[in-house]
K.L.:
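Got a structure here, written out as structure tokens. Questions coming.
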Amino acid sequence: MPPAVAQPTDQGVTAGSQFYEVRTYDLGDNGDAASVDDYLANALLPALNRLGIETVGAFAPNAEDETGANAIFVVIPYDSPNQIASVRDSLANDAQYQAAAKDYLDRGPQNSPYKRIRSELLSSMACWPQLKVADGSLENSERVYELRLYESANERIGDLKVEMFDNGEVPIFLDCGITPIFVGQCVLGPQMPNLTYLTLYPSESARQDAWKAFRVHPDWKVLSKNPKYAGTVSRIDKFVLSPKPYSQM
């Protein structure tokens with residue numbers, strides 16, 4: 001069973017209670033995925049954990065992904081945007097992190113392990129105000145994730161898509177077996193305005209079945225036909241992902 005939706009009023013949990021950095025290590029044609037994996041698994045994630053950031057996700061496109069992306073996706077939750085700068089400063093002064101990251105950080109401009117790093121910062125939404133990892137999900141080696149980014153044509157329309165999620169889209173997800181990890185509205189990033197979310201499935205077949213159920217769900221048929229929400233999405237980026245062995249999501 002998927003976890004129940006946390007209500008925005010539960011213990012003061014509201015939209016904006018958390019922020020999420022979705023960091024993409026674009027490996028390009030000559031990237032060194034093993035080097036990035038070693039850095040993430042043995043330097044960055046342990047350092048973030050020591051700073052109290054306990055649930056950091058790391059993913060890569062799997063065989064079902066159709067984007068052609070050669071990338072590693074990292075999701076870092078924060079309590080506030082201010083924490084991003086404090087984490088950066090803490091890493092610079094963390095001797096354990098610096099030692100573990102030395103090989104990665106010592107690589108020069110002709111030997112970078114990635115082409116570029118891109119990040120977007122999201123603010124949590126009322127429909128799913130805090131990141132949740134379903135109990136027992138990490139023990140399932142067959143689990144599959146989807147990272148979806150919904151672009152909108154302008155800020156007003158983007159806010160309408162947020163409203164559409166807050167007014168009923170997530171309960172339909174849950175009813176169909178689509179389990180959110182996080183749902184967020186973009187605060188900063190290269191594809192604004194947008195709404196981005198990460199969802200979890202027990203297996204690839206479960207993912208396909210869940211979206212089939214979603215498309216024919218009677219509540220979705222009603223919500224999607226509401227003229228107020230017509231044209232709220234101008235582009236969708238969809239990545240089908242598998243977790244890295246060291247992922248905490």
K.L.:
Set out, in order, the CA-CA distance, both residues' side-chain angles and the distance that settles salt bridge (Lys or Arg N to Asp or Glu O under 4.0 Å) for D32 and R107, then state yes or no.
P.N.:
CA-CA 11 Å; D32 185 346; R107 295 177 70 141; 2.9 Å; yes

K.L.:
Any donor-acceptor pair under 3.5 Å linking the side chain of N194 with the backbone of Q191?
P.N.:
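A pair under 3.5 Å: yes.
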
K.L.:
What orientation do Y114 and Y104 show, parallel under 30°, tilted 30 to 60°, or perpendicular over 60°?
P.N.:
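The arrangement is tilted - the two ring planes meet at 30° to 60°.
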
K.L.:
Hey, does the side chain of E120 reach the backbone of P190 with a donor-acceptor pair shorter than 3.5 angstrom?
P.N.:
no

K.L.:
Does S124 reach the main-chain N or O of S17 with its side chain, forming a donor-acceptor pair under 3.5 Å?
P.N.:
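Checked: pair present.
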
K.L.:
Is a side-chain donor or acceptor of N226 paired with a backbone partner of A230 at a separation under 3.5 angstrom?
P.N.:
no

K.L.:
Are L48 and V36 linked, directly or through other ILVMFWY residues, by side chains that come within less than 4.5 angstrom of each other?
P.N.:
yes

K.L.:
Given side chain to side chain contact (heavy atoms under 4.5 Å, CB included), test I178 with L174 step by step and report yes or no.
P.N.:
CA-CA 5 Å; I178 301 169; L174 295 171; over 6 Å; no

K.L.:
Taking 4.0 angstrom as the limit, do D237 and R235 come out as a salt bridge?
P.N.:
yes

K.L.:
Starting from the C-alpha separation in whole Å, work towards a yes-or-no answer on side chain to side chain contact (heavy atoms under 4.5 Å, CB included) for L198 and E146.
P.N.:
CA-CA 6 Å; L198 181 70; E146 267 194 27; 6.0 Å; no

K.L.:
According to a hydrophobic-cluster definition based on side-chain heavy atoms being under 4.5 Å apart (Ile, Leu, Val, Met, Phe, Trp, Tyr only), do I117 and L188 belong together?
P.N.:
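The answer is yes; both residues are in one hydrophobic cluster.
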
K.L.:
Same cluster or not: V133 versus Y197, using hydrophobic residues (I, L, V, M, F, W, Y) connected whenever any side-chain heavy atoms lie under 4.5 Å apart?
P.N.:
no

K.L.:
Assess whether side chain to side chain contact (heavy atoms under 4.5 Å, CB included) is satisfied between L131 and T55, documenting all intermediate values.
P.N.:
CA-CA 9 Å; L131 181 146; T55 307; 3.9 Å; yes

K.L.:
Do the non-hydrogen side-chain atoms of L241 and N62 ever get within less than 4.5 Å of each other?
P.N.:
no

K.L.:
Verify the ring-centre separation between F73 and Y25: is it less than 6.0 angstrom?
P.N.:
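Centroid separation for Y25 and F73: 6.0 Å or greater.
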
K.L.:
Do the non-hydrogen side-chain atoms of D159 and Q185 ever get within less than 4.5 Å of each other?
P.N.:
yes

K.L.:
As a quick check of understanding, evaluate side chain to side chain contact (heavy atoms under 4.5 Å, CB included) for I76 and R23, giving each step before the final call.
P.N.:
CA-CA 8 Å; I76 306 172; R23 184 182 300 182; 3.6 Å; yes

K.L.:
Whether the Y150 and S152 side chains hold a donor-acceptor pair (N or O, under 3.5 Å, no angle test) is what I'd like checked.
P.N.:
no

K.L.:
In terms of heavy-atom contacts, does CG of D103 have more than 12 from other residues, nucleotides or ligands at under 6.0 Å?
P.N.:
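12 or below, so no.
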
K.L.:
Are Y145 and F239 side-chain neighbours, meaning at least one heavy-atom pair lies under 4.5 Å?
P.N.:
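No, their side chains stay 4.5 Å or more apart.
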
K.L.:
Determine the interplanar angle of the W211 and F173 rings, folded into 0 to 90°, and report it as parallel if under 30°, tilted if 30 to 60°, perpendicular if over 60°.
P.N.:
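The arrangement is perpendicular - the two ring planes meet at more than 60°.
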
K.L.:
Go through it in stages, so that I can follow the logic: the residues are E21 and Y78, the test is side-chain hydrogen bond (donor to acceptor under 3.5 Å, both in side chains), and I'd like the CA-CA distance, side-chain angles, deciding distance and then a yes or no.
P.N.:
CA-CA 8 Å; E21 180 186 358; Y78 298 102; 2.9 Å; yes

K.L.:
Check whether W128 reaches the backbone of V170 with its side chain - one donor and one acceptor, N or O, closer than 3.5 Å.
P.N.:
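Side chain of W128 to backbone of V170: no pair is present.
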
K.L.:
From L122 CG over to T196 OG1, what is the distance, rounded to the nearest 0.5 angstrom?
P.N.:
5.0 Å

K.L.:
Is the shortest heavy-atom distance from the side chain of L149 to the side chain of I236 under 4.5 Å?
P.N.:
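In short, these two side chains do not touch, never coming nearer than 4.5 Å.
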
K.L.:
Are F182 and Y20 an aromatic pair, judged by ring center distance below 6.0 Å?
P.N.:
yes

K.L.:
If we ignore angles and hydrogens, is there a donor and acceptor under 3.5 Å between the side chains of D65 and T67?
P.N.:
yes

K.L.:
Would you mind reporting whether E163 and Y229 have side-chain heavy atoms less than 4.5 Å apart?
P.N.:
yes

K.L.:
Report whether I172 and L160 are members of the same hydrophobic cluster (ILVMFWY, side-chain heavy atoms less than 4.5 Å apart, transitive linking).
P.N.:
yes

K.L.:
Would you find more than 12 non-hydrogen atoms of other residues, nucleotides or ligands less than 6.0 Å from N30 atom CG?
P.N.:
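Result for CG/N30: open.
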
K.L.:
Answer yes or no: are there more than 12 heavy-atom neighbours, outside N154 itself, under 6.0 Å from its atom CG?
P.N.:
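More than 12 heavy atoms, drawn from other residues, nucleotides or ligands, come within 6.0 Å of this atom.
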
K.L.:
For E64, is there an ion pair with K238 - N to carboxylate O distance below 4.0 angstrom?
P.N.:
no

K.L.:
Does V22 belong to the same Ile/Leu/Val/Met/Phe/Trp/Tyr cluster as L195, with side-chain heavy atoms less than 4.5 Å apart forming each link?
P.N.:
no

K.L.:
Counting neighbours of CD on Q96 that are heavy atoms of other residues, nucleotides or ligands and sit closer than 6.0 Å, is the number greater than 12?
P.N.:
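Counting neighbours around CD of Q96, 12 or fewer heavy atoms of other residues, nucleotides or ligands fall under 6.0 Å, so no.
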
K.L.:
Compare all side-chain heavy atoms of R50 with those of Y97 and state whether any distance is below 4.5 angstrom.
P.N.:
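Yes; the side chains approach each other to less than 4.5 Å.
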
K.L.:
How about CD on E142, more than 12 heavy atoms from neighbouring residues, nucleotides or ligands closer than 6.0 Å, or not?
P.N.:
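Count not over threshold, so no.
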
K.L.:
Are K228 and M164 packed together at the side-chain level, in the sense that at least one heavy-atom pair is separated by less than 4.5 angstrom?
P.N.:
no

K.L.:
Taking CG in D79 as the centre, count heavy atoms belonging to other residues, nucleotides or ligands within less than 6.0 Å. Is the count above 12?
P.N.:
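No, because the 6.0 Å sphere around CG of D79 holds 12 heavy atoms or fewer from other groups.
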
K.L.:
Mind checking whether T14 and P129 have side chains closer than 4.5 Å, heavy atoms only?
P.N.:
no

K.L.:
Look only at the side chain of N70 and the backbone of G28, and say whether a donor-acceptor pair between them is shorter than 3.5 Å.
P.N.:
yes

K.L.:
Would you check if the side chain of S86 reaches a backbone N or O of Q83 as a donor-acceptor pair within less than 3.5 Å?
P.N.:
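Looks like yes, one N/O pair under 3.5 Å.
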
K.L.:
Under 3.5 Å, is there a donor-acceptor pair between the side chain of N140 and the main chain of G136?
P.N.:
no

K.L.:
Stepwise, does the salt bridge (Lys or Arg N to Asp or Glu O under 4.0 Å) test hold for K161 with E151?
P.N.:
CA-CA 9 Å; K161 187 59 183 176; E151 291 184 14; over 6 Å; no

K.L.:
Between R143 and S203, is there a donor-acceptor pair closer than 3.5 Å when you use the side chain of the first and the backbone of the second?
P.N.:
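No; judged by distance alone, with no hydrogens or angles, the pair does not exist.
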
K.L.:
When F59 is tested against each of I72, V240, V75, L147 for side-chain contact (heavy atoms from CB on, under 4.5 Å), which residue passes?
P.N.:
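Among I72, V240, V75, L147, the one meeting side-chain contact (heavy atoms from CB on, under 4.5 Å) with F59 is V75.
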
